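Below is one structure, written out as structure tokens; the observations come after it.
Just the heavy atoms: all of them, side chains too, but no hydrogens, waters or symmetry mates, feed the values below. Quick note on labels: first sequence line is chain A, next is B, and so on, each numbered from 1. A quick note: this is a predicted structure, and the numbers were derived from the prediction, not measured.
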Number of protein chains: 2
Amino acid sequence: MNSSDWMNERKLNILRAVINDYIMTAEPIGSRTIARKHELGLSSATIRNEMADLEEMGYLAQPHTSAGRIPSVKGYRLYVDHLIRLTELTLEEVISIRNAISEQAFELNRLMRHVTSILSEATGYISIATIPKMNQNKIKAVQVLPVEPGKLLVVSVAEGGIVRNRLVRISVTPDPNFVQKVSRVLNSKISGLNMNEINLEVIRGIKEDIQVPDSMLMPILDAVYDCIGSIDSNEAYVDGTVNLLGYPEFHDPVRVRELFRLLDEENNIQQLLNRDETNSTNVTISIGTENRLEQARDSTVVSTSCPMGDSMMSSIGIIGPTRMDYSRVISIMKLDRRLFKNEFEKLYNGNNSEET
Amino acid sequence: MNSSDWMNERKLNILRAVINDYIMTAEPIGSRTIARKHELGLSSATIRNEMADLEEMGYLAQPHTSAGRIPSVKGYRLYVDHLIRLTELTLEEVISIRNAISEQAFELNRLMRHVTSILSEATGYISIATIPKMNQNKIKAVQVLPVEPGKLLVVSVAEGGIVRNRLVRISVTPDPNFVQKVSRVLNSKISGLNMNEINLEVIRGIKEDIQVPDSMLMPILDAVYDCIGSIDSNEAYVDGTVNLLGYPEFHDPVRVRELFRLLDEENNIQQLLNRDETNSTNVTISIGTENRLEQARDSTVVSTSCPMGDSMMSSIGIIGPTRMDYSRVISIMKLDRRLFKNEFEKLYNGNNSEET
DNA sequence: GTTTAGCACTCGATACAATAGAGTGCTAAC
DNA sequence: GTTAGCACTCTATTGTATCGAGTGCTAAAC
């Protein structure tokens, strides 16, 4: 190892050039290509030497002796950390994303799906999202409504506009006034509680406060419990899986299958996303083998978190080939995060600072 | 054309054998294979002659001169219409599907997703489902609930247990009694109406019946309208897309991509499913080019409809390669349909015959 | 000392010919 | 009517030669 093995500005420029080219073409990049396309004022021979050094240092790899170089994970890492030049999105892009995102959003579930879909469309990769379980979520209201003879509806509303409901069938048709009374008691007892303060005991304990035969009350209480319980049963959102099929690195059906199967499990989505809770305000990038999950080892995950109100935090991200267009993805991600946050707050009226 | 060109029992047996084999192997089937594996008491030469006839008649095709035969669409058609021997599912299979399906179903949306997922898992193909729009659906109840200061929740329930809700923000916090009154008037005016009897006029007309400043009432009425409108905005359910990647006929990424992209549009799903409304009680099969949609021309769609209550009809189906295991798929489909119907009725208490 | 031109070398990709084998159609014998 | 036998067709495979992109190294130029 002599001095030429140390990193210098020129090596970085070459590395950046190689990665930029490789991102576009998916073909190994040779020294001549770099010499021709980028005006570094260097001959191919010089570049060749530098590339050999970069390979020795672990930033580039060679599929076989007489091929060009492709970036290694270490190379991509350096690239996204220091070399990348963030491209501004064009005004049209920004506007089109902005318009798309604010189009319609009247419910959390739909908003999430909408955001996911926009993200995958804008990037051309797979987009994923979850709202991780967090049971400090607080119940805002619980109500029981008569629907038709023999049927009631239990509705519960939690922070962040999460609404769940259950139909209850009961053999006798209760008096509307009775339903209203039950509803009122339930609401006064339960609303304001945190999710983790609620369990079957608490709910069943409520029957002490209502003088009514168990046979009538129990189905209702069970439904309430069930309904509240489903508040933090969260789903994962996935969109744009088709997109990946367009990239040559995903032409192998078994690889694609493994990846797609991975995305069927909500659990895995969470694992892909919740990589790094600490710097949650920023964009996190997991390149290839940096991913924990085996099946995602030749993909890159770019993700970010977004606080929603005081007690929830959603994660959104995209999955693509390691040679993804990082610059563009990061820009879109940041924009999307901001717009999503806006949209959420517009919908649910700020971060509910009237808490405690 | 001499007498040997007419269809006879032996030809049918050979056709069945070819199709059965091809379904298993996805390779062109030669005369020797048939002579060896199936005891038809015939030599390969005889079978060869018959196969040549079958080809001339359009039931078989030959990829090239010196290859075996593969079934044509016409061949498959004959097969499913007359030749197929329905295999009984094993008891274990039936039990496992039955258990899976009755596991958890407390809401229509979830039930649909659940059924779709089971269907794709049981068959190994893609499963799809929709509940086509039908606006004779009837509103059962509409209610407005206070959630927290400045926020109300509008809930509407339609036949078949379809529940929708919208959050409403209003600048002033209305008195609970006022909310209750509005709720009562709304409910009495709207519940019982058919979807197609409801429009913006009707809803806004309700304000005549409530003496209250517009500024307070209008957001609520708009939300009600919106909420009711979303009752028949139906989604399509798709599951098991990964499955197809395992079959050699779907190894071509561009073909797969086209098919998958097709499935992104709810509209297309409906088109694939609602082929044949007439014999809706039975299983409908669309083989290859029989499909209307270009992108599904080398797949087969097997579907069936299932009445839900009096006013809704859902369609479920599966998509697979034309050489799918028809026998098994049909059995599973019928079982699934029956179990689904049961489950639905269990959930929503029969077909609500107290209508009119 | 650094850069570059030049050249031998490597190795995948492409093209082409030869071969093997599966399957057919046809004819003649049973 | 059935089947054994055979010539024929066409794909898939294998082997061989060639091409070319790209490399590493050396020696000359700067």
Side-chain angles (χ1 to χ4, degrees), chain A residues 1-11 13-15 17-19 21-22 24-57 59-72 248-249 251, chain B residues 1-15 17-19 21-22 24-57 59-72 248 251:
Chain A
M1 291 231 186
N2 61 30
S3 71
S4 71
D5 280 346
W6 297 335
M7 188 50 87
N8 59 35
E9 193 65 26
R10 198 170 68 182
K11 280 194 178 57
N13 284 332
I14 291 172
L15 180 58
V18 170
I19 296 184
D21 272 24
Y22 186 69
M24 298 307 295
T25 64
E27 301 279 310
I29 308 298
S31 53
R32 279 200 59 198
T33 316
I34 299 294
R36 249 186 290 114
K37 291 217 305 198
H38 305 261
E39 295 129 358
L40 300 173
L42 297 171
S43 74
S44 67
T46 312
I47 293 173
R48 212 143 49 228
N49 289 330
E50 296 289 39
M51 281 167 85
D53 290 349
L54 283 167
E55 180 173 2
E56 200 183 351
M57 295 160 83
Y59 295 108
L60 292 177
Q62 221 175 355
H64 52 265
T65 337
S66 71
R69 303 304 210 291
I70 63 176
S72 67
E249 38 270 88
H251 276 7
Chain B
M1 290 233 186
N2 60 32
S3 70
S4 71
D5 279 348
W6 297 336
M7 188 51 87
N8 58 36
E9 193 65 25
R10 197 169 69 182
K11 281 195 178 57
L12 293 178
N13 284 333
I14 291 173
L15 180 58
V18 171
I19 296 185
D21 272 25
Y22 186 69
M24 298 308 295
T25 63
E27 301 280 310
I29 308 298
S31 52
R32 279 202 57 199
T33 317
I34 299 293
R36 251 186 288 113
K37 290 216 307 199
H38 305 262
E39 295 130 358
L40 300 174
L42 296 172
S43 75
S44 68
T46 311
I47 293 174
R48 213 143 49 228
N49 290 329
E50 296 288 41
M51 281 167 85
D53 290 350
L54 284 167
E55 179 173 2
E56 200 182 351
M57 296 159 83
Y59 296 108
L60 292 177
Q62 220 175 356
H64 53 263
T65 336
S66 71
R69 303 304 208 294
I70 63 175
S72 68
H251 276 7

Determine: side-chain N/O of [X] to OP1/OP2 of [N], distance under 4.0 Å, yes or no.
X     : N      : result
B/T46 : D/dT2  : no
A/R10 : C/dT2  : no
A/S31 : D/dT23 : yes
A/R69 : D/dT23 : yes

Report summary line: Test side-chain hydrogen bond (donor to acceptor under 3.5 Å, both in side chains), reference A/H38, set A/N13, A/T33, A/D21, output is A/D21
Query raised in the report: Pick the nucleotide of DNA chain C nearest each of B/N49 and B/G68; which residue has the one closer to the 5' end?
Result: B/G68
Query raised in the report: From D/dG22, D/dT9, D/dT3, pick the nucleotide closest to the side chain of A/T33?
Result: D/dG22
Report task. Report the nucleotide, chosen from D/dG24, D/dT3, D/dT11, that has the shortest atom-to-atom distance to any side-chain atom of A/A52. Result -> D/dG24
Report summary line: All heavy atoms of B/P63 vs all of B/G68, minimum pair found to be CD-O, 3.3 Å
Report summary line: In short, B/Y59 meets B/M7 closest at the heavy-atom pair CE1-CE, 3.4 Å
Whole angstroms only, please: what is the [atom1]-[atom2] distance between [X] and [N]?
X     : N     : atom1 : atom2 : result
A/K11 : C/dT2 : NZ    : C1'   : 12 Å
A/R32 : C/dA5 : CZ    : C1'   : 13 Å
B/D53 : D/dT2 : CG    : C1'   : 14 Å

Categorize [X] for me: base, sugar-phosphate, or nothing, with a 4.0 angstrom heavy-atom threshold over every strand shown.
X     : result
A/T65 : sugar-phosphate
A/A45 : base
A/S44 : nothing

Requested in this report: Answer whether the closest heavy-atom distance between the side chains of B/I19 and B/L15 falls below 4.5 Å.
Outcome: yes
Query raised in the report: Quick one: the side chain of A/R48 and the base of D/dG24, do they pair up donor-acceptor inside 3.5 Å?
Result: yes
Query raised in the report: With a 3.5 Å cut-off and just heavy-atom distances, do the side chain of A/S43 and the base of C/dT4 make a donor-acceptor pair?
Result: no
